[in-house]
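Encoded as structure tokens, the structure appears first; notes follow it.
In this text the structure is predicted, and so the values were computed from the model without any measurement.
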Amino acid sequence: MECKTIREKLSAFCEGTVSPEEKGLIGEHLSGCPSCSMVLRDLEKTEVLVKGLEQVEPPPWLKQKVMTRIRTEEEAKKNILQKLFYPLHVKIPIEALATVLIAVVAIYMFRAIEPEMKHIQSPSSGPAAVAPGEKVVSGEDLSPDEKGGLALSKEKTDKRVSEEKRSFAAQVREGQSKAEASKPLSKLPAQSVPAKKEDEALKQPSAVAPALMEKAIPKKDLSLGDTGDLARSVDEREKGLTEKKKSVVSAAKERESKAETSKPVPGAPPSAAMLVKKEKTVEGKPEEVAKAAESRKPRLSAKQLPAREGPVKQEDGMVSRSAGIEMRQESRGRGFVEGAAGTAAGEKAGLIGIRIHVMDVQLASEKIENLLGQLGARKIKRESLQNTEVISAELQAEKIKDLFDKLASIGEVKEKGVPSDIPDRDTGIRIEIVHSH
Amino acid sequence: MAGDEDYDLVCMSQKGDVDAFGTLVEKHQKNMVNIAYRMLGDYQGACDVVQDAFLSAYKAIRKFRGDAMFSTWLCRIVINVSKNHMKQRRVRLQREGPSIDIPMETEEGQLRSDPPDPTPSVAEQFEKKEVQAKVQSCIDSLDVEYKEVLVLRDIQGFSYDEIGCILEIPNGTVKSRLFRARDALKDRLKKVFGDL
């Protein structure tokens, strides 16, 4: 064997990991080769030096430091994960259940609060008599007030409408009494709602409508056509419609087109404040307004409405009263007869009570009886009391004026009892004929 | 793993028993520090390496399947962390220049800057220490692949199988590397000491 091959195996020879054959061959070579023997000796000395290296001791703090680091890591892990999830078989179901519970409660609360929230957003002063008939679909174009008001549930809407109607009725009565006292309303200009306010009205139709109604009351030429519109609006409102301005506008267009059939307004922009427009249109065509009033009479009759539609009935009655007020206003200067006629309407129990002072009771009674017959009165009854003749009858409302005119020629007429409302059908009349002293 | 004397402690550690792992640390820390020290030639660095190695071992202990002895598995971690430490030190040296805390590279190999065990010495002990320092400097100058087999076989006394397992290399490779490592170390020692 050559020295190179022998030197490669010297390390294994030192360890004793060579085969016995190789061991013999290497031994033979080493005995005859001093250089290879020197290498073997150096290898053995190297091994002695390496194995003689002393072991170093670990620092006493090493274990403590290692364990501190481990515990810190463990704590951090526990803080983040274990507190949340461990033990998995207990905490994960609980957490899942809690999540579902929270979701359910959130949905329930949202649904419970939703109408209240919308109610809060709804207008504080928005009686919203306009919107009723129109169908509102989306809130994008609507004012927040309108959105809230229209989005109410039917029940709430009904409640609100009835409240509004009651308050409005009170306002009307108040206005009526004021009008009688000092005529403040009649001082308002006929064009109290200028057309340029249409945009404002469009923005807040709910707020505008009652104002329009109030302002419309003293108008000279505003007749039952307008009140019929209002009544219809209220009626439609009562249906609890929750819709949007688009539909408001479209419905307004519809009404506008209706108005245009009587008086076309070419190029007029569509507007939700149709009451204003309607007023103008009606003013121009009183005869059509009268027709419209005739066609809407049933709506104005509170008695003809079903009992369950309480708010509507009230509203209709209210409107009728407003019509009465108008009549009273416009006939204020025409004397007592018209005034009496204007106020002697409405309730069934309300009769027009008239006392007439004459020189000859019997003669006057006959004349009056004949007069009533000429005017087409029905159910004429005559009763004789002590020094007094009482004639009761039913007479058409429009003939009452004539009756009073003619009664004035017979004797001195004095009002005895006047009901607060005027029906536009047969009215009961009670005439007391007394002797004048 | 059934024949491993650390079996019970390892199982307890796997269940999260930190104290059991502490016992393992206490048991193996000396060997691990010595392996790291012989690999790095730096006592403080060796202590840092051993800390990191034990922390890594604790984090990964649930993945320990018992295919090898725990000590073998732990040695592999220490060797790997030591190699990483050496790489980082080399990169740091290239960037920042040599530090007084790091062993200097000389013609004769690396010189110790930090005696490992500065016990009170008399003249003989001082001489012995100096010899050991020179031997360590010669070991430090070896390639890593020679160094690791030399440390594991001639200093720590692992078998060829265990070394093959720790380093994940075949037994034949372990032997050939070891013989070359010894030969290289012999040449370095002859240079340092003159005539052995």
(request) Could you go through the side-chain contact (heavy atoms from CB on, under 4.5 Å) check for Y58(B) and R69(A) one step at a time? (result) CA-CA 10 Å; Y58(B) 181 79; R69(A) 288 179 66 180; over 6 Å; no
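Crowding of K23(A) atom NZ: a count of heavy atoms from other residues, nucleotides or ligands under 6.0 Å not exceeding 12. Applying the 6.0 Å contact sphere to CD of E127(B) captures no more than 12 heavy atoms from other residues, nucleotides or ligands. Around the CD atom of Q64(A), the shell of radius 6.0 Å holds no more than 12 heavy atoms that belong to other residues, nucleotides or ligands.
Put simply, the side chain of L53(A) reaches to within 4.5 Å of the side chain of I139(B), judged on heavy atoms. Inter-residue side-chain proximity for L55(B) and V66(A) is flagged as unmet; no heavy-atom pair is nearer than 4.5 Å. Looking only at side-chain heavy atoms (C-beta outward), N31(B) and Q55(A) come within less than 4.5 Å of each other.
The nearest pair of heavy atoms linking P58(A) to Y43(B) is C-OH, 3.6 Å. Taking both residues in full, the closest heavy atoms of F54(B) and I70(A) are given as O-CD1, 4.4 Å, listed atom of the first, atom of the second, then distance.
Rounding to the nearest 0.5 Å gives a distance of 10.5 Å between CD of E54(A) and CG of N34(B). Atom CD of residue Q29(B) and atom CD of residue E57(A) lie 9.0 Å apart, to the nearest 0.5 angstrom. Distance check, rounded to the nearest 0.5 Å: CG of L49(A) to CG of D154(B) gives 11.5 Å. The structure places CD of E74(A) at 10.5 Å from NZ of K59(B), a figure rounded to the nearest 0.5 Å.
Applying the side-chain hydrogen bond (donor to acceptor under 3.5 Å, both in side chains) test to E47(A) and every residue at least two apart in sequence or in another chain returns K51(A).
Salt-bridge check for E15(A) with K175(B): failed, with every basic side-chain N at 4.0 Å or more from each acidic carboxylate O. The pair D19(B)-R71(A) counts as a salt bridge, with a side-chain nitrogen and a carboxylate oxygen less than 4.0 angstrom apart.
Under the side-chain hydrogen bond (donor to acceptor under 3.5 Å, both in side chains) test applied with D42(A), the options K190(B), K186(B), R182(B) reduce to a single match, K190(B).
For chain A, no part of V151(B) is nearby; none of its heavy atoms comes within less than 4.5 Å. In this structure, chain A has heavy atoms under 4.5 Å from both the backbone and the side chain of F179(B).
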